Amino acid sequence: MGKAIVIASGKGGTGKTMFAANIGTTLARQGHKTVLIDLDTGLRNLDLYLGVENNIVYDVNDVLNGVCRIRQALLKVKSFPGLYFMAASPQKPTGEITPLHIKVLCEKLKKKYDYIIIDAPAGIDDGMIIATGGCDMGVIVVTPEYASLRNADIVKKTLNEQGIQNICYIVNRIDLDLIESGKAPTFEEVTKNIREKIVGIIKEDENIHVSTNLGIPIVSVTDTYIAASFMNMAMRIKKLLDDNK
């Protein structure tokens with residue numbers, strides 16, 4: 001039986017979607033059948049990060065509303081064997097979608113796929129709560145900003161309220177120059193309340209921005225420190241899931 005992971009953040013601009021695209025790609029490269037689902041309805045970007053925006057026919061709302069079958073909305077990402085993608089709707093749904101709908105979808109996908117990675121909307125509104133349905137773990141992406149850290153704590157409480165207790169953190173966009181100059185919180189300040197649950201740290205790197213603009217996950221280039229870092233993050237996430245069986 002597969003596992004579902006929701007990728008969340010308290011505010012926009014943390015790199016949540018970038019992380020979702022690259023951790024999903026990494027898991028697929030490790031031989032796991034992986035599905036990436038974009039649930040950031042109306043503000044979808046995951047298709048752009050994967051370079052498949054011109055190949056979408058059906059989206060997740062079409063599945064939930066019975067317009068198409070699950071397999072019709074699953075787009076195979078040809079560059080990465082074992083990686084599949086389900087797009088978000090470009091418009092807010094007119095029908096009522098609840099966490100139960102997502103739970104049923106995840107339960108069906110878990111029978112055939114090893115990992116389901118859900119890119120949730122930023123914040124703690126109904127969209128994020130809906131995205132938690134059926135998920136076994138939450139990954140909260142934060143940046144070294146006081147606002148991001150405060151919001152992450154609220155996201156954690158919201159995930160707990162939805163029944164997700166297995167939660168870990170990614171600290172993204174670490175800029176050592178800003179930290180050393182006193183223009184950003186120190187690493188100790190960033191990590192003091194979440195240190196034991198951090199599974200990865202991502203440095204600020206212009207190559208990440210270039211890759212997202214090109215629609216090519218940064219881990220596509222395997223012999224880099226970034227690809228190695230994502231391999232380690234995937235390993236730690238899998239271990240946390242195994243430990244909480």
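Since the structure is predicted, the reported quantities are computational estimates derived from the model, not experimental observations.
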Would you say that more than 12 heavy atoms from the other residues, nucleotides or ligands in this model lie under 6.0 Å from the [atom1] of [X], or not?
{"X": "Asn244", "atom1": "CG", "value": "yes"}
{"X": "Arg69", "atom1": "CZ", "value": "no"}
{"X": "Arg150", "atom1": "CZ", "value": "no"}

List the steps and the verdict of side-chain contact (heavy atoms from CB on, under 4.5 Å) for Tyr113 and Leu74. CA-CA 12 Å; Tyr113 300 91; Leu74 280 175; 3.4 Å; yes

Could you pull out the closest heavy-atom pair between [X] and [Y], with the gap in Å?
{"X": "Ser148", "Y": "Thr143", "answer": "OG-N, 3.0 Å"}
{"X": "Ala88", "Y": "Arg44", "answer": "O-NH1, 2.9 Å"}
{"X": "Ala73", "Y": "Val63", "answer": "CB-CG2, 3.4 Å"}
{"X": "Ala234", "Y": "Leu27", "answer": "CB-CD2, 4.0 Å"}
{"X": "Pro144", "Y": "Ile174", "answer": "CG-CD1, 4.1 Å"}
{"X": "Ala131", "Y": "Pro121", "answer": "CB-CD, 4.4 Å"}

How many angstroms lie between [atom1] in [X] and [atom2] in [Y], if you round to the nearest 0.5 Å?
{"X": "Lys239", "Y": "Met235", "atom1": "NZ", "atom2": "CE", "value": "9.5 Å"}
{"X": "Cys106", "Y": "Lys108", "atom1": "SG", "atom2": "NZ", "value": "11.5 Å"}
{"X": "Phe85", "Y": "Glu53", "atom1": "CZ", "atom2": "CD", "value": "9.5 Å"}
{"X": "Thr191", "Y": "Ile201", "atom1": "OG1", "atom2": "CD1", "value": "7.5 Å"}
{"X": "Asp47", "Y": "Asn54", "atom1": "CG", "atom2": "CG", "value": "9.0 Å"}
{"X": "Lys112", "Y": "Met1", "atom1": "NZ", "atom2": "CE", "value": "13.0 Å"}

Would you say the side chain of [Y] lies within less than 4.5 Å of the side chain of [X], judging by non-hydrogen atoms?
{"X": "Asn160", "Y": "Gln165", "value": "yes"}
{"X": "Ile37", "Y": "Leu109", "value": "yes"}
{"X": "Met137", "Y": "Leu240", "value": "yes"}
{"X": "Val77", "Y": "Thr25", "value": "no"}
{"X": "Lys156", "Y": "Ile140", "value": "yes"}
{"X": "Val35", "Y": "Tyr115", "value": "no"}
{"X": "Ile116", "Y": "Lys110", "value": "yes"}
{"X": "Val60", "Y": "Leu39", "value": "yes"}

Show, in sequence, the C-alpha distance, side-chain angles and deciding distance for Met86 and Tyr58, and conclude whether the side-chain contact (heavy atoms from CB on, under 4.5 Å) test is met. CA-CA 8 Å; Met86 188 178 292; Tyr58 296 108; over 6 Å; no

Verify the distance criterion only: is there a donor paired with an acceptor across the side chains of Thr17 and Asp119 at less than 3.5 Å?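 Yes, side-chain donor-acceptor contact under 3.5 Å.
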
Ignoring hydrogens and geometry, is there a side-chain-to-backbone donor-acceptor pair from [X] to [Y] under 3.5 Å?
{"X": "Lys197", "Y": "Asn166", "answer": "no"}
{"X": "Lys76", "Y": "Leu83", "answer": "no"}
{"X": "Thr34", "Y": "His32", "answer": "yes"}
{"X": "Glu145", "Y": "Ala184", "answer": "no"}
{"X": "Asn22", "Y": "Met18", "answer": "yes"}
{"X": "Asp38", "Y": "Leu46", "answer": "yes"}
{"X": "Asn172", "Y": "Val142", "answer": "no"}
{"X": "Asn65", "Y": "Val67", "answer": "no"}

Applying the 4.5 Å side-chain criterion to the ILVMFWY set and letting contacts propagate, would [X] and [Y] be lumped into a single cluster?
{"X": "Ile102", "Y": "Leu36", "answer": "no"}
{"X": "Val52", "Y": "Tyr84", "answer": "no"}
{"X": "Ile164", "Y": "Ile194", "answer": "yes"}
{"X": "Ile5", "Y": "Val199", "answer": "yes"}
{"X": "Ile117", "Y": "Ile70", "answer": "no"}

For residues 158-184, pull every pair meeting salt bridge (Lys or Arg N to Asp or Glu O under 4.0 Å), keeping only residues two or more places apart or in separate chains.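 Listed by first then second residue: Arg173-Glu204.
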
N-O pairing of Lys238 and Asp242 below 4.0 Å: no

With Ile124, the side chain to side chain contact (heavy atoms under 4.5 Å, CB included) member among Ile129, Leu159, Ile154: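 Between Ile124 and the candidates, side chain to side chain contact (heavy atoms under 4.5 Å, CB included) is satisfied uniquely by Ile154.
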
Applying the side chain to side chain contact (heavy atoms under 4.5 Å, CB included) criterion to Met233, which one of Val139, Thr26, Ile198, Ile202 satisfies it? Ile202

Check residues 212-227 and write down every donor-acceptor pair under 3.5 Å in which the side-chain atom is one partner and the other belongs to a residue at least two apart or another chain.
{"unit_1": "Thr212", "atom_1": "OG1", "unit_2": "Ile208", "atom_2": "O", "d": "3.4"}
{"unit_1": "Thr212", "atom_1": "OG1", "unit_2": "His209", "atom_2": "O", "d": "2.8"}
{"unit_1": "Asn213", "atom_1": "ND2", "unit_2": "His209", "atom_2": "O", "d": "3.2"}
{"unit_1": "Ser220", "atom_1": "OG", "unit_2": "Pro217", "atom_2": "O", "d": "2.7"}
{"unit_1": "Thr224", "atom_1": "OG1", "unit_2": "Val221", "atom_2": "O", "d": "3.3"}
{"unit_1": "Thr224", "atom_1": "OG1", "unit_2": "Ala227", "atom_2": "N", "d": "3.1"}
{"unit_1": "Tyr225", "atom_1": "OH", "unit_2": "Asp205", "atom_2": "OD2", "d": "2.7"}

